[in-house]
Peer 1: 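For reference, the structure I am asking about is given below.
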Amino acid sequence: MSETDIGLWGVPLAIIAGAIRVSTPFIFVSLGEAITERSGRINLGLEGTLVFGAMTAYAVAVLTGSPWLGVLAAMAAGSVFGLIHGFICRFPRVNDIAIGIAMMQFGLGFAFFLGKPFIQPSAPKLPSIPLGNWSSYPQVQAALNINVLFFIGFLLALFLAWAFRNTRPGLILRVVGDSTDAARAMGVNPDRVRLLATALGGALAAVGGAYLSLYYPGSWNEGISSGQGLMAVALVIFARWNPINCFLAALLFGGTGALGPALQSVGVTQGYYLFYAAPYVLTLAILIATSSPNRALSGAPGELSLTK
């Protein structure tokens, strides 16, 4: 590949690299929300969980010197947030969406309060796998330097797609999400299943936050998320609650988020900043396209408050 070819492929390579980097938090948050919504509950508090997970992971990594301990701590914090959300939503006449918004604000505020001492210290980063060492060009090497969590997210999407269809827990989750009465007739406690699903969803969302603070952009600050937790809810709807589709949709969101930086990297100095709004425009377009009073969302769990 010549220098001219690299120049021609500069933008696509930058978009591919950016799509992989930017999509990883979306992968984990959307897979977590897919589990939660499959149980018949929506969690709009994942933005707060994502940010609190980012702060927790960064703080623990700074204190222990281990980014993986930071990821585990983030998962524990995210599961606690999910348990709180799920416990409150068990009570009659409690609105999932309202509680989610309250939990989002609580998570954001709590993270900003506890995270102030960790804005300046430097934490160790999560490792990446250099798949581009075969090339002598730094652009190719950068595009194929992929974080471990991306591969874990891919494998997790495959596993969840299989587990939803072929395992007893997956069957129970789908039954609870489709019909509370049917679940009770099977001897299943729907509240318990939804509580566990919300906790697991929170844990995965917090992993997305850990990626943000420990790899890309690789720092802790109060503006680290930019609404990715909320956008992931729209992503799950777009993916029709299918884990494989969640992974592919996350790559799409990541690619749109990488347009601005990709153009900037090849010397475009005017107008590129408009493309930073692409993920938000895509989110709005998805919500409009999937909203209709005359048709139900295909694949939507019957007990999901979004469909009622």
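Just so it is clear, the structure is predicted and the values come from calculations on it, not from any experiment. All residue numbers in this chain count up from 1 along the given sequence. All values below were derived from every heavy atom in this structure, side-chain atoms included, with hydrogens, water molecules and symmetry-related copies excluded.
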Peer 1: Show your reasoning for whether side chain to side chain donor-acceptor pair (under 3.5 Å) applies to Glu47 and Ser225.
Peer 2: CA-CA 8 Å; Glu47 176 73 7; Ser225 172; 2.7 Å; yes

Peer 1: Is it the case that the side chains of Thr180 and Arg194 hold a donor-acceptor pair, with the cut-off being a distance below 3.5 Å and no angle test?
Peer 2: yes

Peer 1: Using the benzene-type ring in the case of Trp, are the ring centres of Phe150 and Phe247 under 6.0 Å apart?
Peer 2: yes

Peer 1: Does atom CZ of Phe112 have more than 12 heavy-atom neighbours, drawn from other residues, nucleotides or ligands, at distances under 6.0 Å?
Peer 2: yes

Peer 1: Determine, using the 4.5 Å side-chain heavy-atom cutoff (strictly less than), whether Leu196 and Ile84 are members of one ILVMFWY cluster.
Peer 2: no

Peer 1: Can you tell whether the side chains of Glu303 and Arg41 come within less than 4.0 Å, N to carboxylate O?
Peer 2: no

Peer 1: Taking only residues two or more places apart in sequence, or in another chain, which ones meet Thr64 in a side chain to side chain donor-acceptor pair (under 3.5 Å)?
Peer 2: none

Peer 1: Sequence neighbours excluded, which residues qualify as ring pair (Phe, Tyr, Trp, His ring centres under 6.0 Å) partners of Phe91?
Peer 2: Phe87

Peer 1: Apply side chain to side chain contact (heavy atoms under 4.5 Å, CB included) to Val233 and Glu37, showing your working.
Peer 2: CA-CA 9 Å; Val233 177; Glu37 292 190 15; 3.9 Å; yes

Peer 1: Are the side chain of Asn147 and the backbone of Ile129 linked by a donor-acceptor contact shorter than 3.5 Å?
Peer 2: no

Peer 1: Flag yes if Ile15 and Val281 sit in one hydrophobic cluster, no otherwise; membership is Ile, Leu, Val, Met, Phe, Trp, Tyr, and two members link when side-chain heavy atoms are under 4.5 Å apart.
Peer 2: no

Peer 1: Which atom names give the shortest non-hydrogen contact between Ala74 and Ala57, and what distance separates them?
Peer 2: CB-CB, 4.0 Å

Peer 1: Can you list the steps and then say if Tyr211 with Ile152 is a side chain to side chain contact (heavy atoms under 4.5 Å, CB included)?
Peer 2: CA-CA 12 Å; Tyr211 173 88; Ile152 294 175; over 6 Å; no

Peer 1: Side chain to side chain donor-acceptor pair (under 3.5 Å) with Gln228: which residues, sequence neighbours excluded?
Peer 2: none

